[in-house]
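Before any comments, here is the structure.
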Amino acid sequence: MIMKRVFSGIQPTSDSFHLGNYLGALKQWVELQDGHDGFYCIVDLHALSGEIEPTLLRKRTLSSAAQLIALGISPETSTLFVQSQVPHHNQLGWLMECLAGFGEASRMTQFKDKSAKGGAESARVGLFTYPMLQAADILLYQANLVPVGEDQRQHIELTRDLAGRFNTRFGQTFTIPENFILKSAAKIQDLQDPFSKMSKSSGSSAGVLEIMDTPESNMKKIKSAATDAGREVKFDEKEKPGISNLLAIHSALSGQTITALESEFEGKGYGDFKIAVADVVVEYLRPIRAKALELLEDENHLVDLLHVGAAKARTVATETLEKAYKNLGTVA
Ligand code: ATP
Ligand code: LTN
């Protein structure tokens with residue numbers, strides 16, 4: 001039986017991934033390894049479309065690799081690699097840029113949001129061409145499934161459109177990825193501001209539960225999470241966004257249903273409930289953080305693992321790129 005191929009990427013834009021990244025995307029990366037051919041990429045070139053800090057980029061790329069392995073991505077079963085070590089991404093990215101319309105690229109909401117933040121005039125061209133590089137990431141590996149959160153829906157649609165356009169115009173070249181947006185636990189909110197999503201780039205880290213943070217710090221963040229009026233532990237996203245977010249986190253990590261948790265905490269106050277959530281989070285993350293720190297102690301070994309992944313990725317990428325060039329009429 002031929003296994004379906006999974007591809008996904010994450011930017012090394014902070015020292016630590018957070019619980020939103022894990023529950024919204026990375027947990028599914030790990031689960032999909034079973035029965036699928038997984039390609040998981042640390043997209044460092046995409047990270048260059050934001051602030052560029054050479055020492056931080058290196059540190060965060062290695063830390064991302066360590067965290068992914070610690071979370072359960074197996075470098076043996078899956079292909080775990082760094083985007084810049086496979087130059088085919090840039091090469092196919094250019095072909096995608098030559099296929100995409102200026103109008104459709106201008107409609108990408110991630111570009112509109114991010115460029116509006118720093119002022120449209122100073123937004124860089126790389127931020128604009130970001131979705132075409134993302135399409136190249138996916139299409140190079142002929143991926144069937146792309147597990148990402150809801151915020152990436154538009155980029156996946158663009159990828160499907162570009163692949164279809166290429167295939168129709170120049171002959172069958174790319175697999176068109178299925179729509180595969182993760183729904184369950186797909187949105188974890190900031191602990192201090194439960195109306196905004198937990199985000200690596202949010203202004204303050206007080207509401208962000210980081211995988212690499214100390215148990216004490218995460219414990220403190222949960223105990224001081226914003227709660228709602230009343231004192232009943234009930235799931236109600238409108239009236240009780242803070243408590244609902246904590247219930248979602250507890251349930252996703254402990255495997256207990258929200259209803260079971262509501263009964264367990266009936267008659268008890270928010271204080272007791274927060275202690276229980278903190279215990280679940282801290283105990284879940286403790287071995288993951290320890291494993292990541294252990295991997296980071298031997299940087300050479302980590303770099304070697306990533307080289308092995310990049311070599312595997314290059315084999316597949318070469319085949320696709322050659323086919324695309326050939327169908328375009330370039331002379332080999
Ligand atoms: P940034 O704030 O720098 O954009 P981010 O925290 O939003 O970063 P990304 O690197 O953009 O994280 O996302 C990595 C993956 O995690 C994506 O698939 C995204 O959909 C998912 N994700 C990010 N934040 C959350 C969240 N709060 N809840 C659920 N999934 C999330
Ligand atoms: N844009 C994505 C990261 C990303 C990605 C990809 C995800 C880059 N290339 C290919 C899936 C497939 C993000 O911001 N989360």
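Counting starts at 1 for both ligands and their atoms, in listed order. In this chain, numbering begins with 1 at the start of the sequence shown.
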Practice problem: Please say whether I10 places an N or O atom under 3.5 Å from an N or O atom belonging to ligand 1. | Solution: no
Quiz item: Got an N/O contact under 3.5 Å between Q134 and ligand 2?
Solution: yes
Exercise. If the plane angle is over 60° it's perpendicular, under 30° parallel, otherwise tilted; pick one for F81 and F39.
Key: perpendicular
Practice problem: Run the contact test for Q189 against ligand 1 with a 4.0 Å cut-off on heavy atoms, strictly below, and give the result. | Solution: no
Quiz item: Charged N to carboxylate O below 4.0 Å: is that the case for K197 and E150?
Solution: no
Self-check item: Q11 N/O under 3.5 Å from ligand 1 N/O
Solution: no
Practice problem: For the residue pair H155 and Y130, categorise the inter-ring angle as parallel (less than 30°), tilted (30 to 60°) or perpendicular (more than 60°). | Solution: tilted
Quiz item: Within the structure, does E150 bring an N/O atom to less than 3.5 angstrom of an N/O atom in ligand 1?
Solution: no
Quiz item: Considering only protein heavy atoms, which is closest to atom 11 (C) of ligand 2, and at what distance to one decimal place?
Solution: G9 N, 3.4 Å
Self-check item: D190 side chain to S196 side chain, donor-acceptor N/O pair below 3.5 angstrom
Solution: no
Exercise. Find all atoms of ligand 2 within a distance of less than 4.0 Å from any non-hydrogen atom belonging to V148, and give their numbers and elements.
Key: 7 (C), 11 (C)
Self-check item: Check: N327/T173 side-chain N/O donor and acceptor closer than 3.5 Å
Solution: yes
Quiz item: Aromatic rings F273 and H250: how do their planes relate, parallel, tilted or perpendicular, breaks at 30° and 60°?
Solution: parallel
Quiz item: Under 3.5 Å, N or O to N or O, is G149 touching ligand 1 that way?
Solution: yes
Quiz prompt | Within-cut-off N or O pair, Q152 and ligand 1, under 3.5 Å | solution = no
Exercise. Enumerate the atoms of ligand 2 whose separation from the nearest heavy atom of Y130 is less than 4.0 angstrom.
Key: 1 (N), 2 (C), 3 (C), 13 (C), 14 (O)
Self-check item: Options A25, A47, G20, S8, ranked by nearest heavy atom to atom 26 (C) of ligand 1, top entry
Solution: G20
Exercise. Give a yes/no on ligand 1: does K114 have at least one heavy atom closer than 4.0 angstrom to it?
Key: yes
Quiz item: Considering residues, nucleotides and ligands other than K326, do more than 12 of their heavy atoms fall under 6.0 Å from its NZ?
Solution: no
Quiz item: Looking at ligand 2, does I10 have a heavy atom less than 4.0 Å from it?
Solution: no
Quiz item: Between the side chains of E237 and S244, is a donor N or O closer than 3.5 angstrom to an acceptor N or O?
Solution: no
Exercise. Report yes if D137 has an N/O atom closer than 3.5 Å to an N/O atom of ligand 2; otherwise report no.
Key: yes
